[in-house]
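Step one of this worksheet: look at the structure below.
The model shown is predicted, which means the values in this text are computed figures rather than measured ones. Only heavy atoms go into these numbers, but all of them, side chains included; no hydrogens, no water, no symmetry mates.
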Amino acid sequence: MSYIDNDRLKQIVFLLIIAFLGIILFKELYAFFPGFLGALTLYILSRRWMFRLVESRKWKRPWAATVIMILSFLVFLLPIGLLVNMLTSKVGWAISHSSELIDGMKGMNEQLKSATGINIMAEGRLAKLQEYITNVLPGFLGATFNTLTAVAIMYFILYFMLVNAREMEEALYEYIPLKDENVELLASEVKNMVVSNAIGIPLIALIQGVVSLVGYLLFGVPEPVFWFVVTSFTAMLPVIGAAAVYVPMGIYLLAIGSTWQGIAVLVYGFGVVGTCDNLFRMMLAKKIGDVHPLITIFGVIIGVSLFGFVGLIFGPLLISLFIVLIRIYSNEYLVKKREVKVVKTHPTKEKVMKKEKGE
């Protein structure tokens, strides 16, 4: 008759209590989760500099953390803030002139219909589009406050992560219930994915935006700097990318009679912008981390849905972590036993295999 080990039962009950409290805390603090993910991203990118300033240069930890936070703001957040401010002004104009935008799209649709015989936008679709503009776009403006709150939380958490960096990492290393080599594998994979996505995705998007800007200037596209910003943002989206800008732009130019400009934008977009995306993606993969394209595509889709903008980084990280955890579980708890089938056509090989099996 088997008996339940009291120590094991206490351990299970204790773990269930921890899990229960963890779920409650996560549910209540989920609104702050993007800020935590942003802090984790900046910590992974800056921890090496923090250790160098504190341990090699002998700086005080609060001063070193403050300098790193200021530099991260100037390098990462300030340019993004300026770009978002530019987009916000355009979104505000689109909201106040939504009826004019719809009238212009109706005119473009009529021109396309007369030229090609294809009715792209029926009246019902245009009405739904106007409703979308008047209802959804104000949410873009309202998201500014939420973004500022997330940034404040991110830097609040980042400060304490940097100041207590060594203690935090030692505690994590000690209490993660895995073998040492698996803890190191997990840390290496997290660092690789964060660096490759936090640097790689925005850098490739910026390169595509700059290449697109050259084409917009060459072909006389109105407001090329604004379309450069929009192209840089859409280039970070999976699958469609920068084509979300230059394809509608080329069709619009064709519809208003700027035939050569429309054709040039489409050819330049597919031929040059699309090619530079693939080229620089391969080059950066060798420099900062080789991430499978499927992980990036599906990870971005999942991450943006879960976490918003920072999901561009942590979506692929979730999928990669899932794969790594499967490998770690196999390494920790599974013992693979494969039976070698002996082909009785070669006596020497058969003897070697039997000897290896201990027969």
**Request:** Show your working on side-chain contact (heavy atoms from CB on, under 4.5 Å) between Val221 and Phe226 and close with a plain yes or no.
**Result:** CA-CA 10 Å; Val221 175; Phe226 168 72; over 6 Å; no
If you round to the nearest 0.5 Å, how far is [atom2] of [Y] from [atom1] of [X]?
| X | Y | atom1 | atom2 | answer |
| --- | --- | --- | --- | --- |
| Leu186 | Ile176 | CG | CD1 | 6.0 Å |
| Asn182 | Leu325 | CG | CG | 10.0 Å |
| Leu206 | Phe233 | CG | CZ | 11.0 Å |
| Thr275 | Phe270 | OG1 | CZ | 11.5 Å |
| Arg47 | Leu45 | CZ | CG | 11.0 Å |

Would you name the heavy atoms of [X] and [Y] that are closest together and state the gap between them?
| X | Y | value |
| --- | --- | --- |
| Phe51 | Ala165 | CE2-CB, 3.5 Å |
| Leu158 | Ala39 | CD1-O, 3.6 Å |
| Gly209 | Thr231 | CA-CG2, 4.4 Å |
| Ser232 | Ala205 | O-CB, 3.3 Å |
| Ser46 | Ile68 | CB-CG2, 3.6 Å |
| Leu162 | Met50 | O-CE, 3.2 Å |

**Prompt:** Ignoring hydrogens and geometry, is there a side-chain-to-backbone donor-acceptor pair from Ser72 to Met69 under 3.5 Å?
**Reply:**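 Pair found, side chain donor or acceptor close to backbone of Met69.
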Is [Y] reachable from [X] through a run of I, L, V, M, F, W or Y residues, each pair having side-chain heavy atoms under 4.5 Å apart?
| X | Y | result |
| --- | --- | --- |
| Leu16 | Leu21 | no |
| Val267 | Trp260 | yes |
| Met154 | Leu74 | yes |
| Ile17 | Ile23 | no |
| Val214 | Leu203 | yes |

Under 4.5 Å between any side-chain heavy atoms of [X] and [Y], yes or no?
| X | Y | answer |
| --- | --- | --- |
| Tyr216 | Glu223 | no |
| Val67 | Trp59 | yes |
| Tyr43 | Glu169 | yes |
| Leu29 | Phe36 | no |
| Ile157 | Phe32 | no |
| Phe73 | Leu42 | no |
| Met168 | Phe160 | no |
| Met161 | Leu40 | yes |

**Request:** Please check if the distance between the ring centroids of Phe26 and Tyr30 is under 6.0 Å.
**Result:**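 For Phe26 and Tyr30, the ring centres are under 6.0 Å apart.
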**Prompt:** For the residue pair Tyr268 and Tyr246, is the inter-centroid distance of their aromatic rings smaller than 6.0 Å?
**Reply:**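 No.
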**Distance-only donor-acceptor check, side chains Tyr159 and Thr66, under 3.5 Å** = no
**Asked** Just wondering, more than 12 heavy atoms not from Phe322 lying within 6.0 Å of its CZ?
**Response**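 Atom CZ in Phe322 is not packed in, count stays at 12 or less.
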